Amino acid sequence: MIGEGFAEELAAAQAGTEPAFARLWRDTNPALVRYLRVIAADVAEDVAAETWLRVLRGLKGFRGDEQAWRAWVFTICRHLVIDERRRFKGHPVQLSEIPLVRLAVVPDAADEAIEHFSTRSALAMVAALPPLQAEVILLRVVAGLETEAVAQLVGRSPGAVRVAAHRGLRRLAQIAAEAGVTL
Amino acid sequence: MTGSRVPDSDMPNLPWPGRRDASDQDAALAAMLSGTAVPEDLSASLRPAADVLAALRARPSGDELAGEAAVMADFRDRVGVSEPAQPTRRRRPSVLTPLLSAKAAAIGIAAAIGIAGVAGAAYAGALPSSAQRVAHEFIGAPAVHNAANLGAGGGTTTNGTRHRRHHHFRGCFAHHPYPHPSPSGSPSASPSPSPTTSASASPSPSPSPSCPPFPHPTGSPSPRPSHSPYPHPSGSPYPHPSGSPYPHRHFRHHHRRHHHGPFPHPSPSPSPSPSASPSASA
């Protein structure tokens with residue numbers, strides 16, 4: 001998260017300053033890729049690239065703070081994922097209907113040597129959750145969105161989002177404990 | 001159960017341990033999700049989840065930052081400005097100026113052609129009478145009657161018949177010193193030339209063969225002698241195929257022709273009487 005300097009960076013990017021937009025991209029794209037690697041791992045890179053194309057189209061017209069910026073970017077991304085799935089399935093689908101990608105829970109030896117617990121392993125554990133819980137946790141933790149923003153994005157009430165997040169965290173703790181992950 | 005005889009104060013108001021744990025756990029989970037601070041007294045069952053969330057918030061790896069060059073290229077194409085804004089503003093007039101000058105030049109050329117055409121038409125006498133009058137006043141074009149004479153042969157205007165008629169009486173205007181105003185002032189509707197003119201034209205040696213020597217009907221002073229200087233072979237001074245000594249059309253046209261002539265009529269009578277002419281000629 002950029003924080004207090006976000007408004008200046010956004011204004012500069014909207015005015016056409018490339019370094020300012022690069023800072024926005026470097027701050028947002030990793031979260032976007034992590035989110036996509038869980039909910040649409042097979043098309044993550046393509047959807048991420050298309051998301052930024054859409055963002056560039058509407059960049060000059062965007063108004064809002066950093067929370068709104070992230071909510072906007074992830075909304076575009078989520079709609080693209082739904083469109084992608086609809087194209088293959090032939091009928092409208094809810095993102096929660098999409099089975100999450102099962103990543104390898106156990107990291108390889110090199111990663112284990114470098115890091116006790118890698119981001120890739122964490123994403124694999126999140127992917128093991130039910131779709132709604134996984135998405136809510138990713139949007140709350142990775143994207144940094146508030147409960148209300150997540151509720152608006154996924155089309156649920158804030159209470160339902162809160163319950164799904166808490167249940168997902170408890171389930172995630174169980175998965176991590178079963179995988180032998182300890183601090 | 002202690003029964004109903006036990007006072008209420010004997011029952012201790014104990015909190016519900018399960019509910020308190022649940023609320024504490026919810027607060028801990030909310031703190032974990034917001035990432036503000038992990039509670040110190042986090043239960044051991046939730047610690048693995050806290051580790052997973054910390055890994056999710058880890059610094060970006062290299063593959064997550066791949067593709068920056070492509071996105072920046074798109075940014076340059078769609079949003080980015082490669083130059084400062086000032087030269088762009090300068091470029092705008094340089095594009096507009098040739099367009100404006102070309103438009104102005106085209107308008108100027110069109111206006112010049114139009115003015116030249118109108119002026120040419122005015123000097124050729126091809127303008128309508130009102131416009132011809134204006135042209136006469138402002139640019140010295142021929143007056144309406146002169147313009148009519150000038151344009152007689154062309155017949156280019158809508159009143160081409162009148163032009164042809166004036167062609168026949170052009171000589172009359174030149175030699176007749178007393179123009180007579182028309183009583184009605186309306187132009188004749190007859191498009192054909194008067195037979196008088198053709199009849200008198202062939203034998204007469206007059207310098208203006210289309211103009212017979214009309215004496216003034218009122219007998220007013222005339223520079224010509226009362227006798228005809230051009231004796232007619234038949235003896236009649238005014239031969240007319242119809243037998244009338246004063247061709248009606250000829251006379252009417254003749255006088256209408258001089259309605260705006262420079263010579264005021266000496267007599268108050270607006271139209272000559274046919275009977276007056278023989279006496280005057282006699």
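Quantities reported herein were computed from a predicted structural model and do not represent experimental measurements. Sequence lines set the chain letters: A, B, ... in the order given, protein chains first and strands last, and positions in each chain run from 1.
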**Message:** Under 4.0 Å between a side-chain nitrogen and a carboxylate oxygen: does that hold for B:D26 and A:R170?
**Reply:** yes

To the nearest 0.5 Å, atom CD1 of A:I137 lies from atom CE of B:M32 at 8.5 Å

Taken to the nearest 0.5 Å, the spacing of A:L56 CG from B:D77 CG works out to 9.5 Å

Between A:A173 and B:P48, the two heavy atoms sitting closest are O-CB, 3.7 Å

Between the CD atom in A:Q174 and the OG atom in B:S45, the distance rounded to the nearest 0.5 Å is 8.5 Å

Whatever's closer than 4.5 Å to a heavy atom in chain A on B:D63 counts as both

The reported gap from CG in B:L46 to NE2 in A:H166 (rounded to nearest 0.5 angstrom) is 10.0 Å

| query | Any donor-acceptor pair under 3.5 Å linking the side chain of A:T119 with the backbone of B:A55? | reply | yes

If one checks every heavy atom of A:L169 against chain B at 4.5 Å, the contacting part turns out to be both

Turns out that what part of A:E146 lies under 4.5 Å from chain B's heavy atoms comes down to neither

When the 4.5 angstrom heavy-atom criterion is applied to B:A66 and chain A, the contacting part is backbone

Tightest non-hydrogen contact, residues B:L65 and A:P30, listed as CD2-CG, 3.8 Å

In terms of heavy-atom pairs under 4.5 Å with chain B, the winner among A:L172, A:V33, A:V141 is A:V141

Rounded to the nearest 0.5 angstrom, the CE-CD distance for B:M72 and A:E18 is 6.0 Å

Between the CZ atom in B:R76 and the CZ atom in A:F21, the distance rounded to the nearest 0.5 Å is 11.5 Å

message: Quick one, A:L53 with B:R78, criterion side chain to side chain contact (heavy atoms under 4.5 Å, CB included). Give me CA distance, side-chain angles, the key distance, then yes/no.
response: CA-CA 9 Å; A:L53 283 178; B:R78 292 175 181 273; 4.1 Å; yes

- Message: Can you confirm whether A:Q152 is buried at CD, in the sense that more than 12 heavy atoms of other residues, nucleotides or ligands lie under 6.0 Å from that atom?
- Response: no

Closest heavy-atom pair, A:R34 versus B:R57, reported as atoms and distance to 0.1 Å, is NH1-C, 4.0 Å

